[in-house]
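Structure, as structure tokens:
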Number of protein chains: 2
Amino acid sequence: MEKQEQIYRAALALFAQYGFHGTPTSRIAQEAGVSNGTLFHYFKTKEELIIALYNKIKNDISQYLSADMNPEEKFELVFKRLFIKSLYWAVDNSQAFFYIQQVHVSPHYEQVPADVIMEQTRSHRQLIERGLAEGALKPMSVELIYTLLSSQVFGVYQFLTANEQTEADQKQVIQQAADLVWHMLKA
Amino acid sequence: MEKQEQIYRAALALFAQYGFHGTPTSRIAQEAGVSNGTLFHYFKTKEELIIALYNKIKNDISQYLSADMNPEEKFELVFKRLFIKSLYWAVDNSQAFFYIQQVHVSPHYEQVPADVIMEQTRSHRQLIERGLAEGALKPMSVELIYTLLSSQVFGVYQFLTANEQTEADQKQVIQQAADLVWHMLKA
DNA sequence: ATATTGATTGACTAATCACTCTATATACAG
DNA sequence: CTGTATATAGAGTGATTAGTCAATCAATAT
């Protein structure tokens, strides 16, 4: 599956830069070093590629983040670390993170089945449920907490990509944002 | 400028539903009740229409919100009211709010000149500067505060549109979110 | 009356693009 | 070997679409 991987990589780079509309499938194939026909051998339609790429990235993030959700540790610690790791992933995989947002505000997002979305957010939800059960988080709906947490990640990501700064400053902003969001959501 | 207004309205409805790519200019013209040629009489290119629509909406929001930035009142009050009014505008103008997000994560956004963006966010920045000067807000950069505030608005908007609820529940969520974000950012 | 300007139309075009099709190559099972 | 399935190539196609253009129409000025 070497070629498929190349197609994913090329598609991500091009979609992130030019958008779905701005990148012809022919260009993706070219950039990936495969023929037009090969692309459509692996993905029946352009839409299928868009969704498959979205799911691939989501699974990557999910796997990367779920490693540290140790239930032995103090909730505050796990919570903050999750937030911080999310942001490091976002800045290190800027294209992918941006692509996810693109899909979210596009008509393609409706093509992602609800159960797939549920699966992709399961570990986060479980952590929030744990926090609620322990009385560590303010009593609010899981969805609301999840959404506020996510949007704070998006916000800080946006700030970091829009404003140049040193690695040290970046680290400090991320740490501060983690403290802020914890302060906002903790019981 | 009756026709131009109709074009704006049709474009917004179609872009919000089908995305930029999914809506041909011919469809916009048709829906607006004007001819193909007329659309290109008012907007030289499709891209120009996309940007013009974006700026129009931004100015609408800006005007709607800047009305209440009374410097006589207590900062906390003005700050929270701004947040709350932003959210009411967002849910009442869901298409427009969604469209803004679409533009933000599209290649078109780079076509908006930096000084136009500055002008569109001026009143918000001024309010934040006032809060910092009064010592009402935590000492952080204006940009960071602005971004965190905006992303909280986006987050709550997303939550409200994704989860059906009564008007009363909605009001409560908005009020609670205002308290939360104030609690997070106040000194 | 006449000229000038801008608004409006809709048929037309040149280009693009998603996707197909046929042909060839490769792998590998019996 | 032979047969079958899968991978790859790349030219080709039919449909779509952004944008043009030449022709009217309306309004206002001269």
Side-chain angles (χ1 to χ4, degrees), chain A residues 1-57 95 99 102-103 105-113, chain B residues 1-57 95 99 102-103 105-113:
Chain A
M1 290 295 152
E2 180 65 23
K3 306 245 160 169
Q4 199 177 16
E5 191 57 36
Q6 286 169 287
I7 293 170
Y8 275 132
R9 265 205 287 276
L12 176 57
L14 291 167
F15 284 153
Q17 183 166 9
Y18 304 107
F20 304 122
H21 169 222
T23 72
T25 52
S26 56
R27 182 93 192 279
I28 297 171
Q30 185 190 329
E31 211 81 3
V34 304
S35 72
N36 231 320
T38 300
L39 190 151
F40 284 96
H41 172 72
Y42 286 107
F43 306 96
K44 269 198 274 291
T45 65
K46 187 183 186 179
E47 170 118 8
E48 192 176 303
L49 168 59
I50 291 171
I51 304 297
L53 180 57
Y54 173 83
N55 287 328
K56 185 176 179 297
I57 293 170
Q95 281 185 340
Y99 179 75
Q102 270 183 291
V103 174
V105 297
S106 80
H108 304 294
Y109 187 58
E110 290 174 28
Q111 301 308 313
V112 185
Chain B
M1 291 294 154
E2 181 64 24
K3 306 245 161 170
Q4 199 178 16
E5 190 58 36
Q6 285 167 287
I7 294 170
Y8 275 133
R9 263 204 288 276
L12 176 57
L14 291 168
F15 283 152
Q17 185 166 8
Y18 304 107
F20 304 122
H21 170 221
T23 71
T25 51
S26 56
R27 182 94 191 277
I28 298 171
Q30 184 188 329
E31 211 82 2
V34 305
S35 74
N36 229 320
T38 300
L39 191 150
F40 284 96
H41 173 73
Y42 285 108
F43 307 95
K44 267 197 276 293
T45 64
K46 188 181 185 180
E47 170 118 7
E48 190 175 307
L49 168 60
I50 291 172
I51 303 297
L53 179 57
Y54 174 83
N55 287 327
K56 185 176 180 294
I57 293 170
Q95 279 185 342
Y99 178 75
Q102 272 184 289
V103 175
V105 296
S106 82
H108 305 294
Y109 186 58
E110 290 173 28
Q111 301 306 314
V112 185

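All chains are named by letter (A, B, ...) in the order of the sequence lines, taking the proteins before the strands, and each is independently numbered beginning at 1.
To the nearest angstrom, C1' of C:dC19 lies 15 Å from CZ of A:Phe43. Between the P atom of D:dA18 and the CG atom of B:Leu14 lies a distance of 12 Å, rounded to the nearest Å. In this structure, B:Glu47 atom CD and D:dT17 atom P are separated by 18 Å, rounded to whole Å. As a whole-Å value, the separation of B:Phe15 CZ from D:dA18 C1' is 12 Å. For the pair A:His21 NE2 and D:dT17 C1', the computed distance is 9 Å after rounding to whole Å. Rounded to a whole Å, the NZ atom of A:Lys44 is 18 Å from the P atom of C:dA18. Atom CD of A:Gln6 and atom C1' of D:dA7 are 14 Å apart (whole Å). As rounded to whole Å, 15 Å separates atom P of D:dT6 from atom CD of A:Gln4.
With A:Phe20 as the partner, the ring pair (Phe, Tyr, Trp, His ring centres under 6.0 Å) test is satisfied by one option alone out of A:Tyr109, A:Tyr54, A:Phe15: A:Phe15.
Side-chain proximity of A:Ser35 to D:dA11, C:dA18, D:dT8: nearest is D:dT8. Across C:dA18, D:dG19, D:dA9, the shortest atom-to-atom separation from the side chain of B:Asn36 is found for D:dG19. The side chain of A:Pro24 sits closest to C:dC17 out of C:dC17, C:dT9, D:dT20. For B:Lys46, the listed nucleotide lying nearest its side chain is D:dG19; candidates were D:dG19, C:dC19, D:dA9.
Between A:Tyr42 and A:Glu48, the shortest heavy-atom distance links the atoms O-OE2, 4.1 Å. Shortest non-hydrogen contact noted between A:Leu49 and A:Ile7 is CD1-CG2, 4.2 Å. For A:Leu14 against A:Thr23, the heavy-atom pair with the smallest separation is O-CG2, 3.2 Å.
The side chain of B:Thr25 places an N or O atom within less than 4.0 Å of a non-bridging phosphate oxygen (OP1 or OP2) of D:dA18. Taking only side-chain nitrogens and oxygens, A:His41 comes nearer than 4.0 Å to OP1 or OP2 of D:dA7. Applying the 4.0 Å criterion to OP1 and OP2 of C:dA7, one finds that B:Tyr42 has every side-chain N and O outside that range. For B:Lys3 and C:dG6, the shortest distance from a side-chain N or O to OP1 or OP2 is not below 4.0 Å. For the OP1/OP2 pair of C:dT9 and a distance below 4.0 Å, the side-chain nitrogens and oxygens of B:Thr38 include at least one atom meeting the criterion.
At distances below 3.5 Å, at least one donor-acceptor pair connects side-chain atoms of B:Tyr99 with backbone N or O atoms of B:Ile50.
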